[in-house]
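Contents: one structure, followed by commentary.
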Amino acid sequence: MLGIRELPDQKMVENKTAEPTPSPVPAKEVTQPEIGTSLAAVDKNSEDVKETRPDQEINQVEVAKAKTVETLTPNQTELVKETAKSEQVSQPESAKVAEVAVNEPKQKVITYKIKLPNNSLAKRAATYQPLALEQSKRWELDPALVMAIMHSESSFRPRAKSHVPAFGLMQVVPTSAGHDVNRMVRNIDAPMKEAELYQPGFNVETGTAYLHILDTRYLSRITNDESRLYCAIAAYNTGAGNVARAFNSDNSTNIRKAAKIINQMTPKQVFERLIERLPYDETKNYLKKVSSRMPLYEAEPI
């Protein structure tokens with residue numbers, strides 16, 4: 001069941017905190033995408049983020065600076081309530097149920113049911129959940145990851161914009177993540193356009209494609225799925241180079257060098273090292289928020 005469990009209501013880019021609740025996500029090989037060119041053209045042996053555009057990780061850091069967050073304590077056991085009374089919607093105590101059909105291989109159809117708590121954030125989450133299911137299946141990602149990132153980036157508001165600027169549901173920066181997806185997936189060597197990223201379908205497609213690039217190219221040398229997940233969440237916010245710096249004693253952005261260190265650590269140790277040594281507090285809090293929100297959107301077939 002893909003459940004939206006007791007989601008707190010909130011306004012876009014408000015203070016949002018949550019307890020780190022690590023959740024493993026398997027990484028899989030991806031079949032050829034339908035749009036543009038195949039990701040088979042994406043080199044899995046990229047070793048140093050410096051080979052990509054230098055503005056990529058800088059802009060991702062600026063995206064993070066556009067958000068206000070609160071520090072979490074490591075041992076919190078419940079999400080902090082973020083209900084905004086001005087936006088609460090009166091509904092019956094019984095939860096509404098939405099259904100989404102996802103086509104599996106061999107035409108097998110699996111139905112997911114969503115229980116919707118009584119607040120406007122949950123209503124917005126339900127609106128964009130089908131996109132998360134569709135694109136996470138396409139790029140072989142955990143839909144809970146996509147939903148948790150949308151929750152943390154924009155509170156499910158398709159017109160969200162930061163001062164960087166980053167746009168839309170997954171707060172894509174046109175000149176960094178947007179340019180990477182254009183170049184590697186759509187065979188277009190140009191930044192994305194603001195108008196494109198305000199389209200929910202296009203935005204979620206781009207954000208999930210970028211998560212796939214992080215997983216299968218920039219961070220592909222990290223062998224443990226859970227460790228790679230934590231690094232991908234942090235890299236979505238600040239760039240893979242800054243993730244490498246958290247592990248390289250010489251402050252290098254070399255991913256190959258960092259991966260050797262990461263592969264000698266447990267996922268818990270990787271998470272703790274990121275929280276301790278990431279260059280920016282914003283990214284530390286982002287990692288905590290996204291990883292702790294993923295259980296809100298866990299999916300299982302019924």
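Predicted model only: the values in this text are computed from it and were never measured.
Using bins of under 30°, 30° to 60° and over 60° for the plane-to-plane angle, the ring pair H151/F156 lands in the tilted bin.
Contact of the L229 side chain with the M294 side chain is registered, since non-hydrogen atoms from C-beta on lie closer than 4.5 Å. For the pair L145 and Y297, the minimum side-chain heavy-atom distance is 4.5 Å or more.
No side-chain donor-acceptor contact under 3.5 Å links R138 and T208. Between the side chains of N203 and Y128, not a single donor N or O lies within less than 3.5 Å of an accepting N or O.
Take Q199 and apply the side chain to side chain contact (heavy atoms under 4.5 Å, CB included) test, not counting sequence neighbours, and it matches F202. Applying the side chain to side chain contact (heavy atoms under 4.5 Å, CB included) rule to P279 yields the partners N242; only residues at least two apart in sequence or on another chain are considered. For the side chain to side chain contact (heavy atoms under 4.5 Å, CB included) test, residues two or more places apart in sequence or in another chain that qualify with A232 are L219. Here F167 pairs with Y198 under the ring-ring contact (aromatic ring centres under 6.0 Å, His included) rule; sequence neighbours left out. Contacts of D189 classified as salt bridge (charged side-chain N to carboxylate O under 4.0 Å, His left out), with partners at least two apart in sequence or in another chain: none. Scored by the side-chain hydrogen bond (donor to acceptor under 3.5 Å, both in side chains) test, T127 finds no partners at all (sequence neighbours excluded). In this structure, the side chain to side chain contact (heavy atoms under 4.5 Å, CB included) partners of S227, at least two apart in sequence or on a different chain, are I222, N224, I262, P267, V270.
S155 and R124 make their closest contact through O-NE, 2.9 Å (heavy atoms, listed as atom of the first residue, atom of the second, distance). Looking at every heavy atom in both residues, M192 comes nearest to L197 through SD-CD2, 3.7 Å.
For the atom pair CG of N248 and CZ of R277, the computed distance is 10.5 Å after rounding to the nearest 0.5 Å. With rounding to the nearest 0.5 angstrom, the CZ atom of R256 is 13.0 Å from the CD1 atom of I261.
When each of E205, Q135, M150 is paired with M170, the side-chain contact (heavy atoms from CB on, under 4.5 Å) condition holds for M150 and for no other.
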